[in-house]
Amino acid sequence: MDKLSTMHRVLMGPGPSDVDARVLEALSRPTIGHLDPAFLDILSKIRELLQDTFRTGNELTLAISGTGSAGMETCVANLIEPGDAMVVCVNGVFGQRMADVAERYGADVTTVEAEWGRVFSPEQIAKALHDKSAKVVGIVHAETSTGAGQPLEDISRIVHENGALLLVDAVTSLGGMNVDVDGWKIDACYSGTQKCLSCPPGLAPVTFSPAATAAMDQRKTKVQSWYLDLSMIRQYWGSERLYHHTAPINMNYALLEALQIVHEEGLEARWERHLRHHRMLKAGLAAIGIEYVAQPGYELPMLNAVAVPSGIDEAAVRKRLLEEYRIEIGGGLGKFKGKAWRIGLMGSSSTHENVLLFLSALEDCLADQGFGFDKGASTAAAR
Ligand SMILES: *Cc1c(COP(=O)(O)O)cnc(C)c1O
């Protein structure tokens, strides 16, 4: 416990991100009952703020008990009945995970693939739906394993022209860039608390359009997961307030506080802040010859995936960053293991001083390994 209480990190990895003191304070408030009117009032406020964050009027908007992956599983489990056809777009780890989850729930899965780091063209999705119709098309908005951001508007139009529902993973994007659920006609969308919302991990915001809700109402079979069955969870979040499972009370306090912070800043100002610090970091890295792995023009503002320069021991750099500077960054995942660093500028971690601190520290680590560059060039370019 002693060690825990003195531990401090600058969280610049793929999540969790730094948590504001106000959110930690909210987490420590006295636990009350999950049917206490005061707590039910908190759930109503969370719903309203989640609707604002997702930019939707969807009635069925709530926070699932569990991390982002529980949000993914909730969407799939409730929309898919065994044998239903689903198209899943795979260009990184999280698309792969969605395909795996869909198979486990009995979907007849077709994957559409793009090279890691690249995004999908609307034509690719049109072709897949022309070859085989589907009930649901699943796609990742911000692929945290590659740092690529997927445009969704044109794809959404094609999905709907083909009579399918659009399911979007917004775990990393929500709160850090525009996620316009109603404007882009997304039918089901899930996120997580520990990325750009800067709350500890533990809840998964989800939202469902009237069309997605109707599809759930028309199910002929029960949802295979009892815990994630929205037909029951809705009765707790809805006016019935019927017990299903005990809500993680304190995590909901934390989420409410985190969402309040998001809306005090304002969504657009927050997206702009993420973009500003991303550009700073990118300029700094370019000045010492470090390049992004995502398709040019589609780099995510909150997750900067860059190629490790040849000859550099990438794990040694991360170890020194953590031990000496207390900075956490991520290594590569899946195909990018050992080949990329993932530098997060998510939520509260997206600051001017974090960018400068990271670049200075990285220069130190690279100089130690004999990497050739002009000392101080990265921070000078970032400023
Ligand atoms: C982090 C992440 C997830 C999984 O969330 P967990 O909270 O780790 O369960 C899913 N999709 C994307 C794009 C992510 O970045």
Side-chain angles (χ1 to χ4, degrees), residues 11-19 50 54 63-77 88-102 104 111 114 116-120 138-152 166-179 181 186 188-207 225 227-228 248 251 254-255 258 274 278 293-294 298-305 328-337 340-347 349-350:
L11 295 176
M12 298 182 71
S17 57
D18 285 339
V19 177
L50 282 180
F54 277 122
I64 293 291
S65 309
T67 65
S69 304
M72 180 190 289
E73 201 145 340
T74 300
C75 292
V76 172
V88 183
C89 303
V90 180
N91 59 353
V93 165
F94 294 102
Q96 263 173 356
R97 183 175 298 182
M98 199 194 290
D100 185 9
V101 168
R104 287 165 192 248
T111 56
W116 282 41
R118 300 196 68 81
V119 298
F120 295 94
I139 194 162
V140 177
H141 186 209
E143 192 29 276
T144 320
S145 62
T146 68
Q150 175 68 52
L152 293 170
L166 178 63
L167 163 57
V168 172
D169 177 323
V171 176
T172 283
S173 48
L174 192 71
M177 63 194 278
N178 190 10
V179 178
V181 167
I186 296 171
C189 191
Y190 59 90
S191 191
T193 44
Q194 79 275 22
K195 312 249 169 130
C196 293
L197 298 178
S198 277
C199 184
L203 291 174
V206 293
T207 186
S225 165
Y227 194 70
L228 302 176
M251 267 311 297
L255 177 57
H274 280 82
H278 159 72
V293 297
Y298 297 89
E299 300 93 336
L300 288 171
M302 70 287 289
L303 195 284
N304 300 266
E328 177 181 276
I329 65 164
L333 259 194
K335 284 184 194 171
F336 288 161
K337 192 168 166 31
W341 285 311
R342 292 182 301 149
I343 307 143
L345 289 170
M346 297 182 174
S349 297
S350 175

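Keep in mind that this is a model prediction, so the values were computed, not measured. For the numbers below, each heavy atom of this structure counts, side chains included, while hydrogens, waters and symmetry mates do not. For ligands, and for the atoms within them, numbers begin at 1 and follow the listed sequence.
- For ligand 1, the atoms closer than 4.0 angstrom to any heavy atom of Ala142 are 13 (C).
- Enclosure of atom OH in Tyr298 is not indicated, since only 12 or fewer non-hydrogen atoms of other residues, nucleotides or ligands lie within 6.0 angstrom.
- Taking 4.5 Å as the limit, some side-chain heavy atom of Leu333 sits within range of a side-chain heavy atom of Arg342.
- For the side-chain contact (heavy atoms from CB on, under 4.5 Å) criterion with Ile186, the lone passing option out of Ile139, Val168, Leu167 is Val168.
- Annotation: Tyr190 places no N or O atom under 3.5 Å from an N or O atom of ligand 1; distance criterion only.
- Looking from atom 3 (C) of ligand 1 to the surrounding protein, the closest heavy atom is Phe94 CE2, 3.4 Å.
- By the criterion of a heavy-atom distance under 4.0 Å, neither the backbone nor the side chain of Glu143 is placed next to ligand 1.
- For the side-chain hydrogen bond (donor to acceptor under 3.5 Å, both in side chains) with Ser17, the lone residue among Ser198, Ser350, Ser349 that qualifies is Ser198.
- Relative to the ring axis of Phe94, Lys195 places its NZ or CZ within 45° and under 6.0 Å from the centre.
- Looking only at heavy atoms of the protein, atom 7 (O) of ligand 1 is closest to Gln194 NE2, 2.7 Å.
- When heavy-atom distances to ligand 1 are checked against a 4.0 Å cut-off, Ala70 has no atom that comes that close, whether in backbone or side chain.
- Heavy-atom proximity to Arg97, at under 4.0 Å, picks out these atoms of ligand 1: 4 (C).
- Among all protein heavy atoms, the one lying closest to atom 2 (C) of ligand 1 is Lys195 NZ, 2.6 Å.
- Annotation: atom 15 (O) of ligand 1 to nearest protein heavy atom, Thr144 OG1, 2.4 Å.
- Using a 4.5 Å heavy-atom cutoff, the side chains of Tyr190 and Pro205 are not in contact.
- Of the protein's heavy atoms, Asp169 OD2, 2.6 Å lies nearest to atom 11 (N) of ligand 1.
- Atom numbering of ligand 1 starts at 1 in the shown order; those under 4.0 Å from a heavy atom of Ser69 are 4 (C), 5 (O), 6 (P), 9 (O).
- Using modelled atom types, one finds a donor on one side chain and an acceptor on the other under 3.5 Å when comparing His278 with Asn304.
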